[in-house]
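All remarks here apply to the structure that follows.
Basis for what follows: all heavy atoms, side chains included, without hydrogens, waters or symmetry-related copies.
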Number of protein chains: 2
Amino acid sequence: MVASKRARRSNAKRITIADVARTAGASVATVSRVLNGVDTVDPVLAERVRLAIGDLGYRPSAAAQGLARGRSGTIGVLVPDLANPYFSDVIKSVSAVARTAGSRVLVMDSDEDPEIERELTEDLLRYADGLLLCSPRMPRAHLAALAGRGTPMLVTNRQVTGLALHSLTVDFFQGVMAVCGHLARLGHRRVVYLAGPEHAWANAERLRALSGAEAFGLQVATVACGFTADDGYAAASAALDSGATAVVAYNDFVALGVLARFHEMGVDVPGDISLTGFDGIDMARFSDPPLTTVAVPRDRLGRAAGEALARIMSGDEEGEPGAIPVELHVRASTGAPRGSGGTPS
Amino acid sequence: MVASKRARRSNAKRITIADVARTAGASVATVSRVLNGVDTVDPVLAERVRLAIGDLGYRPSAAAQGLARGRSGTIGVLVPDLANPYFSDVIKSVSAVARTAGSRVLVMDSDEDPEIERELTEDLLRYADGLLLCSPRMPRAHLAALAGRGTPMLVTNRQVTGLALHSLTVDFFQGVMAVCGHLARLGHRRVVYLAGPEHAWANAERLRALSGAEAFGLQVATVACGFTADDGYAAASAALDSGATAVVAYNDFVALGVLARFHEMGVDVPGDISLTGFDGIDMARFSDPPLTTVAVPRDRLGRAAGEALARIMSGDEEGEPGAIPVELHVRASTGAPRGSGGTPS
DNA sequence: TTGAAAGCGCTAACAA
DNA sequence: TTGTTAGCGCTTTCAA
């Protein structure tokens, strides 16, 4: 029962390109050519090689290929929370783009922790040809250090200025502006914002837009909240107490949490108070009432990110990726405020 | 402006272990030892090496390490849909386990397509030391072929018998039994099941349980549906027409879709009809009414999967992983049927 | 405790 | 069109 040194894991030692070459009666170079679609191979020989590959069930080792080629064919993606559909949607879409380009995606989840984020990024660098950092929470200094490493890199959902770092953003500003405009048109004068993570660029942009809205006469109160349904649930009564006639939630989860609490409290939406979400997750359509929200085209964001990163990796430095536009979806959770004469436009 | 052959990507050529050795005045073997925590290195030398590593910002190439060691330190995970929180939760948890074991997770998403699933699995084999197939939809023959490849492998959410394939399942059977028992106790005699993907083991198990419940006098109608909220929304009126007093949805998404449609139709839940979900996603708590559902401990599933796979990879073949238990969460979406005398137990 | 050197499986010159 | 062979960056004997 003593396994030989190299048969520890399974009794069949790994099938290599040499095995294929031997059984096909060709050289490893030829096998490699066939593998890589180089067309200077005699069709007959090529067919023999392909047959051998099939018979032996040979698959090239990714490690060996990566070492020899100098690139791994992998792009690393870092997200703060994989369980958030916002990010999983983006990843799906990035993966799809990567796949058509012949590469794979290595995903890591930082659990919203800036320190873990740094570690994971270091690790990703060892594996990947390029990095996609989604909504990175890490301090600017770390980002700067990474930027100096020479690895092609793209940051999304965060604007980083003054660093040699490409970034692809979402136009949160316009999104919140659209929400505010919509509410103002309905007759609202006082709204309360349930704020998201303090250090998130996404939150900062929303706040910036709310300030802008104040210039147009909208009064905005802010209540610290968070980004989960639980956070929204917990902040609901505080939002109500603010005296505002509309709640602008950081995202759809928060809004759904608020809605659940309002139901419990017997607060009618939008009769007693209006409510808006952000992101446009699927569930926002299925709540009662359906949520007015700002749809972020996550598939488009993912695709754009994948393509931009590919461009960066290929050394094409022209043009910043830019910002992804968003779209207001008006649904039944917003209406005219009480006593406004009730003339929704 | 003509870049030299090896400086195409960035002007700094990759820092290798040789660079570290040189600047530390040691051999590559010694650097490797320090890197791998081999303690037969003189502390002073080791420190010098560590310094050099820090100064140079050296990170070992994953490809080279993988090639030399014969393993990549990566485990491949295949899921049918990354956007489904069920799977993203599992992945989060698997990743966490993998991380403590010093490995990373390569995730691929098959988009519920058995053919893509096969391709991706082939590809994962080239990268990973072990494979985790979540709810694979691929035909048994493919699974059998994979099982013969010698790569350590674990299948979750699908029972595969007669093959040298370990599987870790969730006790869907007991879950649905618990739901049926709960409904029966409330006085329901006729329920309608909104079925999930036809070829999914998860669906088959639910059907098996429903048959079991029929033996106890519950009448069960089945309506083909799907696994998304949209599917549920579309199937809602058919469910209503079945004449059942309770709807057993394939999962929470379907249930939430049904709920939304019922709201629109003015059907009261649970007054007019009861409704249950499955999986216990977060949102199930925040609907109106909150959903009675079966909570599947996805973190536990992920952890168990990660650990079981680790065991399999280390050659420890003892014991099948087994089945993860589930838990019925009774909430407000279920009640006594109309005219039953109204005595909820 | 250290270092030299032989691989690991593949790619890509370079020769033939 | 084909084959030989020198790397790719690291680990790991084996000697010293």
Side-chain angles (χ1 to χ4, degrees), chain A residues 4-9 12-49 52-53 56-73 102 125-127 129, chain B residues 4-9 12-49 52-53 56-74 102 125-129:
Chain A
S4 88
K5 195 171 60 183
R6 58 175 0 142
R8 224 170 312 154
R9 240 179 241 342
K13 121 173 197 285
R14 197 187 217 299
I15 297 156
T16 74
I17 199 173
D19 299 321
V20 177
R22 201 173 316 114
T23 78
S27 71
V28 294
T30 297
V31 176
S32 175
R33 290 188 185 104
V34 172
L35 237 35
N36 295 289
V38 177
D39 57 353
T40 64
V41 180
D42 183 287
V44 181
L45 221 199
E47 194 45 37
R48 232 167 50 215
V49 168
I53 290 177
L56 272 50
Y58 165 75
R59 300 288 151 200
S61 143
Q65 278 189 329
L67 185 56
R69 289 182 176 151
R71 52 197 174 65
S72 62
L125 284 172
R126 307 195 308 117
Y127 283 88
D129 301 329
Chain B
S4 87
K5 197 171 57 184
R6 59 176 358 142
R8 223 171 314 156
R9 241 178 239 346
K13 121 172 198 287
R14 197 187 215 300
I15 297 156
T16 73
I17 198 173
D19 299 321
V20 177
R22 201 172 318 115
T23 77
S27 70
V28 293
T30 298
V31 177
S32 175
R33 291 187 184 105
V34 172
L35 237 35
N36 295 289
V38 176
D39 57 355
T40 64
V41 179
D42 183 287
V44 181
L45 221 198
E47 193 46 36
R48 232 166 50 212
V49 168
I53 290 177
L56 271 50
Y58 165 76
R59 301 287 152 200
S61 143
Q65 278 189 328
L67 185 56
R69 288 181 176 153
R71 52 198 174 66
S72 62
T74 294
L125 284 171
R126 307 196 307 118
Y127 282 88
D129 300 329

### Among D:dC10, C:dG3, D:dT4, the nucleotide that comes nearest once only the side chain of A:Ala29 is considered
D:dT4
### Task
Enumerate the residue pairs fulfilling salt bridge (Lys or Arg N to Asp or Glu O under 4.0 Å) with a member in residues 57-68 of chain A, sequence neighbours excluded, ordered by first and then second residue.
A:Arg59-B:Glu122
### Summary
Residue set satisfying salt bridge (Lys or Arg N to Asp or Glu O under 4.0 Å) with A:Arg126, at least two apart, ordered chain then number -> A:Asp123
### Distance, rounded to the nearest Å, where B:Arg22 contributes CZ and D:dG9 contributes P
12 Å
## Note on the structure
Contacts of B:Ser61 meeting side chain to side chain donor-acceptor pair (under 3.5 Å) (sequence neighbours excluded), chain-then-number -> none
### Summary
By side chain to side chain contact (heavy atoms under 4.5 Å, CB included), A:Ile17 pairs with (sequence neighbours left out) A:Val28, A:Val31, A:Ser32, A:Leu35, A:Tyr58
### Task
Enumerate the residues from residues 31-38 of chain B whose closest heavy atom to DNA chain C is under 4.0 Å, giving them by residue number; use none for an empty result.
B:Arg33
### Any A:Ser27 side-chain nitrogen or oxygen under 4.0 Å from OP1 or OP2 of D:dG3
yes
### Task
List in chain and number order the residues that pass side chain to side chain contact (heavy atoms under 4.5 Å, CB included) with A:Ala68, two or more places apart in sequence or in another chain; answer none if no residue qualifies.
none
### Query
With respect to the phosphate group of D:dT11, does any side-chain polar atom (N or O) of B:Gln65 fall under 4.0 Å of OP1 or OP2?
yes
#### Entry: Any B:Ser61 side-chain nitrogen or oxygen under 4.0 Å from OP1 or OP2 of D:dG9
no
### Message
Output the rounded distance in Å from CD1 (A:Ile17) to P (C:dC8).
### Response
14 Å
### Query
Does the side chain of A:Thr30 get closer than 4.0 angstrom to OP1 or OP2 of D:dG3 through an N or O atom?
yes
### Task
Could you tell me, to 10°, how much the axis swings from one end of the helix from C:dT1-D:dA16 to C:dA16-D:dT1 to the other, five pairs per end?
40°
### Message
Suppose we screen for salt bridge (Lys or Arg N to Asp or Glu O under 4.0 Å). Which residues come up paired with B:Arg69, at least two apart in sequence or across chains?
### Response
none
### Residues that B:Val41 engages under side chain to side chain contact (heavy atoms under 4.5 Å, CB included), provided they are two or more places apart
B:Thr30, B:Arg33, B:Val34, B:Leu45, B:Ala46
